[in-house]
Amino acid sequence: MSELRPTKYLLKKLQELLLESKKQLILAIVLLILSTFCLVYAPKLLGKIVNSILSDFFNNKTSLSFEASLKLIIEISILYILGYSFRIPITKIMARINEKTTAKLKFALYDKLNYVSPTVFSNEYSGNIFSKLNNDVANIKSFINKTVILFLSDILMIVLVLVSSLTLNIQLSMLFIFILPFYIFLMYKNYKETIPYYKIHQDDLSEQMGIIGDYLPNRLLLNGFDAKNYSKKDFDIINKKQTKSFFKSRFYSDSTNPITSLLTYIVQIFMYGYGGYLLSKGIIDLGTFSTFSLYVQMFKRPFLSINGTFNSIKVSLSSFNNILDILEHPTEINENLPLLNKTHVQGEVEFKNISYNNIQNFNFKINSGEIVNISGENRNDLINLLLAFEKIPHGEILLDGQNINNYNLNSYRNIYGVSFDDDWILNSSVFYNISYGRKDVSLEEVVKTSKYLGLDDLIEKFPEKYDTLISEDFQNFSRGEANLICIARAIISDPKILILNYPNSLSMDKLKEICEGRTTIILTTEEGLIDFVDKSINLDY
């Protein structure tokens with residue numbers, strides 16, 4: 001669980017994100033100012049109507065002159081129509097900003113995950129990362145689409161009501177000015193006391209979704225091991241945590257609502273009492289009193305709204321903090337490094353004086369075309385270094401005599417074909433699973449590779465053949481068959497270096513046939529499982 005970044009920093013980053021649509025945002029704010037001005041100015045005209053009617057009445061006119069009033073009514077109607085009409089393009093503009101910003105944010109997250117070591121988030125459920133890509137981005141989406149404009153609208157309403165009231169009567173306006181610090185204090189206290197709990201709640205929610213995300217595709221396996229009771233217990237623990245953090249995050253926020261309402265009613269009572277006194281003394285007229293009555297309603301509405309808006313802001317900032325956990329995670333990627341030409345790669349790999357975790361001063365050379373068996377508990381650490389998933393703290397890895405850090409990362413990884421024991425199957429077609437990551441692969445090549453591995457007869461039995469969807473919980477393909485699909489994905493691009501976790505779904509003869517002619521690393525739990533390798537090394541130290 002990461003720490004919550006300072007609010008100023010989070011707001012600055014959000015501002016940078018939104019200012020990429022600077023022109024559209026400025027236009028939305030200008031329209032919002034015009035809209036709020038129209039809505040705030042209209043009550044002044046209502047006060048003039050009241051005074052006009054009363055003037056005719058007290059002057060004992062037999063027929064009230066409604067012409068002036070009618071003109072004012074038309075002006076008021078126009079102001080209200082304009083005020084609310086301006087909100088329509090604002091909604092459209094913010095929707096466009098919203099889609100553009102969140103799409104870019106999702107792409108940045110996806111792109112970043114390609115460069116971050118898989119072990120960085122190894123202490124989290126994989127579904128937790130999925131939650132950050134979806135739930136937290138969805139919160140940001142809601143924030144941009146609704147909360148930003150709603151918050152600005154509330155602030156503008158408060159400022160314009162204060163300014164307008166001061167132009168009418170300073171004495172009555174002092175009620176607004178007097179109560180304003182109390183509102184600000186409540187909002188500040190509300191935010192300061194609850195923002196850490198919102199962060200905890202979002203983390204708990206992500207973990208809860210993470211458990212669900214990991215359980216669903218593996219539910220048959222869990223049930224097969226009779227592990228569903230353990231899974232339920234695990235879920236129950238995090239569910240209780242999430243409920244507790246939700247209560248703490250919301251209780252203080254929700255408790256400020258009745259306090260805010262009480263303050264607004266106190267202001268309203270004082271305004272009626274004091275306003276009535278000023279009216280009776282002839283200091284103000286009834287039109288001014290009526291306008292102030294409307295301004296009290298307009299003044300209190302934003303504060304009641306802001307409490308709810310603050311909840312959305314706190315959720316959004318907590319979510320944005322989670323997103324920055326990924327986006328700001330340090331990487332050692334340099335896109336300006338030279339590209340590695342795959343056709344020129346010989347496939348010679350040398351580990352020189354490698355020290356990493358339990359691997360110390362490790363030296364080992366794999367000649368071009370050799371088949372090597374690496375076994376032991378630390379084998380995956382070595383492969384993580386070879387594939388540049390982790391930075392090499394001490395020593396170096398050479399490819400054809402050159403340090404692998406001298407190459408562009410994507411072009412370097414492109415020379416490998418990899419199939420691990422935890423390979424993942426996409427909930428998509430057979431063709432998409434085999435060709436994944438290779439844009440130029442044709443159906444003919446996929447069929448050829450499948451026939452080579454003995455998969456074609458199985459696939460052809462399905463009505464949709466290579467368009468058949470593979471179920472993530474292996475209802476239509478067994479795990480062994482899914483493993484063959486992952487191997488097909490690894491070899492279809494004819495990699496220079498092949499890395500396979502011991503694929504017991506293949507016969508030894510077929511495995512040997514696949515490995516011959518290219519540098520191959522076969523990972524096993526113990527030595528001696530493969531009898532045709534050129535070299536073998538155990539990393540159990």
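Both backbone and side-chain heavy atoms feed into the values below; hydrogens, waters and symmetry mates do not.
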(message) Taking the basic N atoms (NZ, or NE/NH1/NH2) and the acidic carboxylate oxygens, is any pair closer than 4.0 Å for R518 and D494?
(response) yes
(request) Mind checking side chain to side chain contact (heavy atoms under 4.5 Å, CB included) for Q15 and listing every partner two or more places apart, or none if nothing turns up? (result) L19
(request) Show your working on side-chain hydrogen bond (donor to acceptor under 3.5 Å, both in side chains) between N357 and N378 and close with a plain yes or no. (result) CA-CA 9 Å; N357 289 346; N378 301 305; over 6 Å; no
(message) Once ring-ring contact (aromatic ring centres under 6.0 Å, His included) is applied, do any residues pair with Y466, and if so which ones, sequence neighbours excluded?
(response) none
(request) Evaluate the side-chain proximity of P495 to Y416: yes if any heavy-atom separation is below 4.5 Å, no if none is. (result) no
(message) Using side-chain contact (heavy atoms from CB on, under 4.5 Å), reason through I514 and Y452 one step at a time and then give a plain yes or no.
(response) CA-CA 9 Å; I514 290 171; Y452 179 66; 3.7 Å; yes
(message) Holding to side-chain hydrogen bond (donor to acceptor under 3.5 Å, both in side chains), I want the full list of residues that pass it with N341, two or more places apart in sequence or in another chain.
(response) T343
(message) Please enumerate all residues that pass salt bridge (Lys or Arg N to Asp or Glu O under 4.0 Å) together with K104, with sequence neighbours excluded.
(response) E20
(request) Kindly write out the residues that satisfy side-chain hydrogen bond (donor to acceptor under 3.5 Å, both in side chains) with T102, not counting sequence neighbours, or none if the list is empty. (result) none
(request) Answer yes or no for K352 and F362: cation-pi contact, defined as NZ/CZ to six-membered ring centre under 6.0 Å and angle to ring axis within 45°. (result) no
(message) Is it true that, when you exclude K92 itself, more than 12 heavy atoms of the residues, nucleotides or ligands shown sit nearer than 6.0 Å to its NZ?
(response) no
(request) Tell me yes or no: between the side chains of S429 and D467, is some donor less than 3.5 Å from an acceptor? (result) no
(message) Going by the rule side chain to side chain contact (heavy atoms under 4.5 Å, CB included), which residues pair with K365 if we only count those two or more places apart in sequence or in a different chain?
(response) E348, E350, N367
(message) Checking side-chain polar atoms at under 3.5 Å, does D400 have a donor or acceptor matched by the opposite partner on Q346?
(response) no
(message) Whether the S442 and E445 side chains hold a donor-acceptor pair (N or O, under 3.5 Å, no angle test) is what I'd like checked.
(response) yes
